Amino acid sequence: MTQPGQPPTDLERAVTALVQALRAGGAAAGLAGAELEDAVAGTLAFLRRRLTADFTVDEFGFDPDFTEHVYLPLLRPLFHQWFRTEVTGIEHVPAEGGALVVANHAGAVAVDSLMTQVAVRETHPQRRYLRMLAADLVFATPGVGPVARRTGSTLATHTDAERLLSSGELVGVWPEGFKGVGKPFRDRYRLQRFGRGGFVAAALRTGVPIVPCAVVGAEEAYPVLGNASALARVLGLPYLPLTPTFPWLGPLGLVPLPAKWLIQFCEPIDTTGYGPAAAEDPEVVFELTDRVRETIQHTLYALLDRRGRVFG
Amino acid sequence: MVTGVGGELGGRAARRLAADEAVERVIGVDLRPPRHPLGRGEFVRADVRSPLVARLLRQAEVDTVLHMGVIATPAAAGGRVVQKDINVLGTMQLLAACQKAPSVRRLVVKSTAGIYGASPRDPAVFTEDMAARSAPRSDFARDSIEVEGYVRGLARRRPDIGITLLRMASVVGPTIRTVLTEYFALPVLPVPLGRDGRLQLLHEDDAVAACVRAVRAEPVGPCNVAGDGVLMTSQAVALTRRPWVPVPPLLDRPVQWLSRSAGVAALPRDHQALLAYGRVVDTTRMRTELGFAPAHSTRATFESYLAALRDRDRGPEAVTAP
């Protein structure tokens, strides 16, 4: 540190400016007094940790420090204020140990998976993290890939899924994949095919419960009116959605419509009774896959009834 | 018999074995002389590709072969052609000699975790029974895949030889010079734009210790060897406290060309993939079957390397300072 009387260095000036900017930002967000000072100190501590690499990630690249201080604060306003999300049945998500949350997928970009992640973190009594399984395209996309890994996602393969589940993590999977997010608005809340049931096999092999989860709201947040499939092929994307605002309004078109969201976690399906060998039995796998699919579909209809007005 | 004793790791492994009373005799083989004395060990200047090695194996009634003569960097071998020749043909000849030597009972081969490749389509953690989803583009990894193929061939023909294949994570430390250590010593680090790989490192001391352990322990077949924990590329870059520039994929080649013409080491393509996507291997077998636990975590390994690097950087100044 410099002695009093010495002119401040550039670095000190930069830090002072940063602190003032943070104070102003915090005050604008409605913070005051000790709360504001805490927020400023917290942000500075976070920046120091990032600059000195003073944080650890797990073998999947999950970075709780980043998730807690950057990612979740960005998503929370979307979850509470914009979508006014209501969560029910969180008691069906186990307090500890591995479990597989299986949910429907919709709405052009996979905001529903992010909102489910926030829902678990915000409303679960143990504030668990939902580790998401994502398509390889996510990890191949510059910018998106590292953020996905930092926030706990990993590749949707049975090895990664089973590794997470057997180490007692809560894992989220969206078996409809691109078929779900890319489906047109007229098919809203109609579940697409659930693939080959790989997620059921993973749950059977690790003996963890399956928690079906229904999400209402994503379809109207990004209503997919059309698909520019020719352009998508040129760009190497699985689909290129056209919504009422995208791409007509440019980047503004990425702002979701403020639909009302409901997320319901359903009663868990126990898989221990079947034994790990049942993972190789297509009959059991298909039967369980269908059961999960039916549960989510019925819950979706019930939630739609309850919601009433879309933007209400 | 230890091959590749002219290399840093091979030489140290041979010295460690020679210091062990239980080991009757240690013969170090390489074309290059060892950098440090092998102690009780004898150095034989020979090419693993020559018939001399087969004769040595028979005459000395060698029971254990530790094959460290697989060279990771072309510069250390004297060019890519020589490197491939030593790695692939050398291993082929050495294993053929082992097959014909009835005294050989145990074979330990140094391989690399690079054989798993590094891409966004890979599972997060590789276990020994997995193979690369997309063929690795690096020369050394491809050599190692061929080497492992020959080792499997020998295992079929001589089931009485117990084999351990050590698939090591990138070896880093205060003294060893590899592509990765050269990279992190650059004055400005080019990092892949919008990407961040998970790195797993192995300390040079642990690499040597793992080889020595594998010679003594029961054979375990292929076995991943890596330090605990994961360091992101961005974390490693932050720890170096050097300036960095993001490089978009399209500019890879021009940047490579620039850095090469500026006389600094250019990063091979496979290492770009490593920095961009990373690779983590499962080390359960290393702990439970090989019975080996590295003394240094990935982070401690990198920090020991950085400490040595800072000393090296400070070196000339310390001399001129009064």
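Since the model is a prediction, treat every value here as computed from it, not as a measurement. Numbered from 1 within each chain, the chains take letters A, B, ... in sequence-line order.
For A:D58, the part lying near chain B is the backbone, with the side chain staying farther off; criterion is any non-hydrogen pair under 4.5 Å. Residue contact with chain A, scored on non-hydrogen atoms closer than 4.5 Å, involves the side chain of B:V280 exclusively.
Atom CD of B:E218 sits in a sparse spot, with 12 or fewer heavy atoms from other residues, nucleotides or ligands closer than 6.0 Å. Within 6.0 Å of the CZ atom in A:R76, the count of heavy atoms belonging to other residues, nucleotides or ligands exceeds 12. Other residues, nucleotides and ligands contribute only 12 or fewer heavy atoms inside 6.0 Å of the CZ atom of A:R196.
Between A:E59 and B:R198, the shortest heavy-atom distance links the atoms O-NH1, 2.6 Å. Scanning both residues, A:F60 and B:A124, for their nearest heavy atoms gives CD2-CB, 3.2 Å. Residue B:R121 comes nearest to A:D136 through the heavy atom pair CG-OD2, 3.3 Å, listed as atom of the first residue, atom of the second, then distance. Listed here is the closest heavy atom pair of B:A238 and A:A53: CB-CB, 4.0 Å. B:Y277 and A:F139 make their closest contact through CE2-O, 4.1 Å (heavy atoms, listed as atom of the first residue, atom of the second, distance).
Within residues 160-168 of chain A, the residues having any heavy atom less than 4.5 Å from a heavy atom of chain B are, in residue-number order, A:D160, A:R163.
B:R241 places no side-chain N or O within donor-acceptor distance of the main-chain N or O of A:T52, the cut-off being under 3.5 Å. Under the 3.5 Å distance criterion, the side-chain polar atoms of B:Q235 are matched with a main-chain donor or acceptor of A:F55.
Taking the side chain as every heavy atom from C-beta outward, B:D196 and A:R150 approach each other to under 4.5 Å.
Looking only at heavy-atom pairs under 4.5 Å with chain B, the residue among A:T154, A:L51, A:L155 that has the most is A:L155.
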